[in-house]
Amino acid sequence: MARVIACINQKGGVAKTTTTMHLGIGMARAGKKALLIDFDPQGSLTDCMGFPEPDEMEETVADVLLNTVNEISMEKGFAILRHGEGVDVLPANIELSGVEVSLVNVMCREAALKNYIAGLRGSYDYILIDCMPSLGILTVNALAAADSVIIPVKAEKPSMRGLQQLLRTIGKVRRSMNPDLQIEGILPAMVGRTNYNRDVLRALGEAYGSPLKIFDSIPLAVRVAETAVEGRSIYLRDRNSSAAKAYEKLTREVMGYGG
Ligand code: ADP
Ligand code: MG
């Protein structure tokens with residue numbers, strides 16, 4: 001049965017998409033079957049993984065959600081694409097923002113993604129959800145569907161302020177619909193070697209490090225940014241880089257194989 005993990009932060013540009021991609025491909029490299037769900041109407045995961053023109057795709061997560069709420073059955077694997085590095089991808093595009101609007105009037109609107117995923121749990125070891133930068137109804141769907149969350153953050157002060165609000169939202173979701181939702185940990189991603197970065201990381205550890213796990217940082221590296229343009233991972237691009245090693249270590253920890 002798949003474990004469902006959401007990469008979440010209402011701030012954009014904190015490496016949610018990059019982390020989803022590298023965690024998923026890391027799992028595939030370890031022999032696991034992983035599905036990555038693009039849950040952002042910007043379609044950045046779909047784009048980063050090298051699938052061209054998300055906005056012109058005919059079958060996406062938007063159709064999957066609408067079919068689920070309308071109880072229309074789908075063939076096995078409907079809308080799911082295969083990436084060359086061994087993971088499956090459920091793509092997204094701008095149509096997902098239309099779904100966000102139409103869900104407002106649907107019964108059990110928070111459970112649409114959860115209900116869809118229920119039918120897939122037997123087919124994968126891991127299902128990763130790349131959330132959009134907001135705490136709206138789509139993100140609440142992701143939190144309702146997930147077993148756990150990973151919170152990527154930037155080592156910058158404004159990023160820290162948003163954490164309080166995010167943790168409150170997670171608390172609300174736990175109380176109302178998903179009491180077992182766990183927090184895998186906070187992941188400082190894109191961390192440079194400046195004193196400022198170091199100070200912010202120390203403050204992060206002091207503020208959150210005792211109730212929550214803080215994963216080892218992912219270093220800031222131009223090559224990681226370049227993977228988003230090439231559609232292939234840092235594991236292929238530069239396997240011995242510190243960023244590749246950091247993502248490999250994160251993958252092992254999330255899979256429960258320790259550091
Ligand atoms: P989010 O999904 O949270 O908006 P992204 O994963 O899209 O964030 O990352 C934002 C930008 O930063 C992208 O251009 C991405 O390629 C780049 N990026 C992500 N991780 C790193 C890193 N470790 N080093 C340098 N650039 C990175
Ligand atoms: Mg993103």
Side-chain angles (χ1 to χ4, degrees), residues 5-26 36-51 54-55 60-61 83 85 87 89-94 96-97 100 128-136 138-139 141-143 146 149-156 158-163 165-166 169 184-194 196-198 200-201 214-251:
I5 304 172
C7 248
I8 180 172
N9 191 321
Q10 74 275 29
K11 273 188 74 74
V14 296
K16 291 183 291 296
T17 299
T18 308
T19 298
T20 306
M21 171 174 172
H22 286 89
L23 199 52
I25 293 177
L36 314 189
I37 299 180
D38 190 346
F39 216 44
D40 182 346
Q42 291 178 62
S44 3
L45 179 69
T46 306
D47 203 29
C48 276
M49 298 201 71
F51 299 105
D55 284 344
T60 66
V61 67
H83 183 265
E85 289 181 66
V87 292
V89 179
L90 179 57
N93 63 20
I94 190 69
L96 187 56
S97 56
E100 183 167 29
L128 308 183
I129 309 169
D130 181 26
C131 294
M132 66 189 292
S134 90
L135 294 175
L138 289 176
T139 300
N141 260 266
L143 290 174
V149 299
I150 293 177
I151 306 172
V153 296
K154 248 184 165 174
E156 289 174 355
S159 201
M160 303 298 113
R161 279 200 290 273
L163 264 178
Q165 191 193 3
L166 176 54
T169 301
E184 301 270 348
I186 298 177
L187 173 68
M190 311 168 65
V191 177
R193 291 193 201 157
T194 62
Y196 172 65
N197 276 174
R198 229 186 340 261
V200 175
L201 280 188
I214 299 184
F215 290 108
D216 285 356
S217 303
I218 307 291
L220 186 73
V222 176
R223 284 180 187 150
V224 177
E226 287 167 356
T227 63
V229 183
E230 297 178 350
R232 58 182 189 145
S233 72
I234 189 72
Y235 308 122
L236 287 189
R237 177 98 180 40
D238 192 352
R239 202 179 143 209
N240 293 315
S241 61
S242 54
K245 291 195 172 130
Y247 269 124
E248 259 164 9
K249 181 170 184 210
L250 173 73
T251 305

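We count residues from 1, following the sequence as given. All values reported here derive from a predicted model rather than from experimental measurement. Counting starts at 1 for both ligands and their atoms, in listed order.
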Give the atom numbers and elements of ligand 1 that come within less than 4.0 Å of a heavy atom of [X].
X    : result
V14  : 1 (P), 3 (O), 8 (O)
G12  : 4 (O)
V224 : 20 (N), 21 (C), 22 (C), 23 (N), 24 (N)

Do any N/O atoms on [X] end up under 3.5 angstrom from N/O atoms on ligand 1?
X    : answer
A221 : yes
A15  : yes
G13  : yes
T18  : yes
P219 : yes
A228 : no
D130 : no

Distance in Å, R223 CZ paired with D238 CG, rounded so as to fall on 0.5 Å steps: 4.5 Å
Nearest protein heavy-atom contact for atom 7 (O) of ligand 1: which residue, which atom, what distance?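 Here the nearest protein heavy atom works out to T17 CB, 3.9 Å.
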Measure from atom 16 (O) of ligand 1 to every heavy atom in P133, S217, A225, S242 and give the option owning the shortest one. A225
Where the closest heavy atom to atom 21 (C) of ligand 1 is concerned, which of K16, M190, M21 has it?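 When every heavy atom of K16, M190, M21 is considered, M190 comes closest to atom 21 (C) of ligand 1.
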Any P188 side-chain heavy atom under 4.5 Å of I214 side chain: yes
Taking CD in E100 as the centre, count heavy atoms belonging to other residues, nucleotides or ligands within less than 6.0 Å. Is the count above 12? yes
On a heavy-atom basis, which atom in V61 and which in A92 lie closest, and how many Å separate them? CG1-CB, 3.7 Å
Min heavy-atom dist A189 to ligand 1 below 4.0 Å: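 No, that is not the case, since the closest heavy atom of the residue is not under 4.0 Å from the ligand.
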Taking 2.8 Å as the cut-off, does S44 contribute an N, O or S atom near the Mg ion (ligand 2), distance below it? no
Record the part of A243 in heavy-atom contact with ligand 1 below 4.0 Å; permitted values are side chain, backbone, both and neither. neither
